[in-house]
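Report on the structure given below.
A quick note: this is a predicted structure, and the numbers were derived from the prediction, not measured. Each ligand, and each atom within it, is numbered from 1 in the order the structure gives. Counting begins at 1 with the first residue of the sequence.
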Amino acid sequence: MQEHERHVLVTGGAGYIGSHAVLALQDAGWQVSVIDNLSTGNRAALPPEVAFHHGDIGNEALLAEIFAARPARAVMHFAGSIVVPESVSDPLGYYHNNTVKSRALIAAAVAAGVPHFVFSSTAAVYGEPAKVPVAEDSAKAPINPYGASKLMTEQMLADTAAAHPLNYAALRYFNVAGADPEGRSGQSTPAATHLIKVACEAVVGKREGVAIFGSDFPTPDGTGVRDYIHVADLAQAHVLALEALIAEPTRSLVMNCGYGRGYSVREVLDAADRVAGTAIARQEQPRRAGDPPALVADNSLIRATLPWTPRYEDLDTIVAHALAWERKLAAG
Ligand code: UDP
């Protein structure tokens, strides 16, 4: 087998989900290179043997050099901006980072003849789904620029796969949380906004408490309901999706990545209290712009398509791993 047949270029590999994908790829015997502009990522999140390119995925010339120097069997594309409220206040920044730069990356992959592409998409493409759990064929109606920016990239991939010898997997993540169970990586984002991370920061004293954004949603306890998925299970799904793309090069896959059950903000905070043995201060605040009431995955497609066996579905386990990482960060 030629060397490039086991080589993957991971964009955003120094970031939260990307760094876990790097670990999962390595654990599965893949060689990995990373391109990351370190806008939010951290070089230290990567094992030393990973080839690291400090640069931007919008730079097609750089990508051409990278692919020429070391052909890749696949691209796994994580680089992008991920904060829903920020996308509402800076839509053009999001379309630039997530859509325009993805176009450059896809173009470079096509030009270099990379046959497989795994894309980090999002449940935000569904907007406020009419039916929860939401299946892949539900209406795509994003209610914020973040979701729209990712949906546009899905469309580019679908059209590109129809025109060029490339197949792709678009994995629509629900709410990713937790950290590597072995403590090798976790979420280090300095200005975190995601609920479980924020709750863990409150536990270690990095913030006073946690705001509950909206308690008047049409949900059982009035707070937002989400399908929290452990980052290590999600990373595993990427490796399996890549193997499925290789096995059937004419088939592309668009799949939800979630567990198919939802927890409210209050239930998540209860879990954090339980795991930490404390009572996190809670403050009720108005709804945040762009937040849908409930997002839960119908995951029957991924379960039928990939031999994916999640290992960390338990909410307390997800919170415990996130907290272990937060404590590690706090200890420096
Ligand atoms: N949320 C909250 N307080 C926070 C952060 C989030 O109440 O400090 C709520 C948010 O309104 C949503 C859920 O927690 O209902 C998950 O939000 P998060 O930002 O983690 O992910 P999103 O679903 O926006 O991608």
Side-chain angles (χ1 to χ4, degrees), residues 15-17 40 78 80-90 94 98 120-129 132-134 142-151 171-179 186-231 234 256-259 261-273 280-297 315 318-319 321-323 325-326:
Y16 172 46
I17 303 173
T40 58
F78 297 93
S81 303
I82 59 156
V83 181
V84 169
E86 191 179 65
S87 81
V88 176
S89 57
D90 179 23
Y94 270 64
N98 290 355
S120 168
S121 190
T122 170
V125 299
Y126 300 117
E128 290 188 30
V132 174
V134 58
I143 57 166
N144 50 59
Y146 169 65
S149 71
K150 290 278 186 173
L151 185 58
L171 301 183
R172 293 179 179 156
Y173 312 161
F174 284 66
N175 287 61
V176 189
Q187 195 170 4
S188 304
T189 325
T193 60
H194 289 118
L195 180 63
I196 290 182
K197 169 84 177 166
V198 164
C200 292
E201 288 183 351
V203 170
V204 303
K206 248 183 99 175
R207 57 175 85 216
E208 302 260 298
V210 176
I212 296 177
F213 295 130
S215 33
D216 57 349
F217 285 108
T219 58
D221 70 11
T223 67
V225 169
R226 297 290 185 275
D227 186 341
Y228 295 90
I229 173 172
H230 193 294
V231 66
L234 181 67
N256 286 341
C257 289
Y259 294 138
R261 47 92 182 115
Y263 289 107
S264 72
V265 174
R266 287 192 219 283
E267 286 172 322
V268 168
L269 295 178
D270 289 346
D273 283 348
I280 299 167
R282 306 175 183 195
Q283 194 196 30
E284 295 197 6
Q285 287 191 12
R287 295 182 186 192
R288 214 170 47 173
D291 272 355
L295 264 181
V296 176
L315 180 62
I318 296 174
V319 172
H321 289 166
L323 183 57
W325 178 256
E326 202 59 51

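- Ile17 meets the side chain to side chain contact (heavy atoms under 4.5 Å, CB included) test with Phe78, Tyr173, Val176, Val231, Leu234; sequence neighbours excluded.
- In this structure, the side chain of Trp325 engages the main chain of Gln187 through a donor-acceptor pair within 3.5 Å.
- Checked for salt-bridge contact, Arg266 and Asp273 miss the test: no charged N lies under 4.0 Å from a carboxylate O.
- Every protein residue with a heavy atom nearer than 4.0 Å to ligand 1 is included here: Asn175, Thr193, His194, Leu195, Val198, Ala211, Ile212, Phe213, Gly224, Arg226, Tyr228, Val265, Arg288, Asp291.
- At a threshold of 4.5 Å between non-hydrogen side-chain atoms, the residues Leu269 and Ile212 count as touching.
- Side chain of Asp227 to backbone of Tyr259: a donor-acceptor contact under 3.5 angstrom is found.
- With hydrogens and angles ignored, the 3.5 Å screen pairs no side-chain donor or acceptor of Asn98 with any backbone N or O of Lys150.
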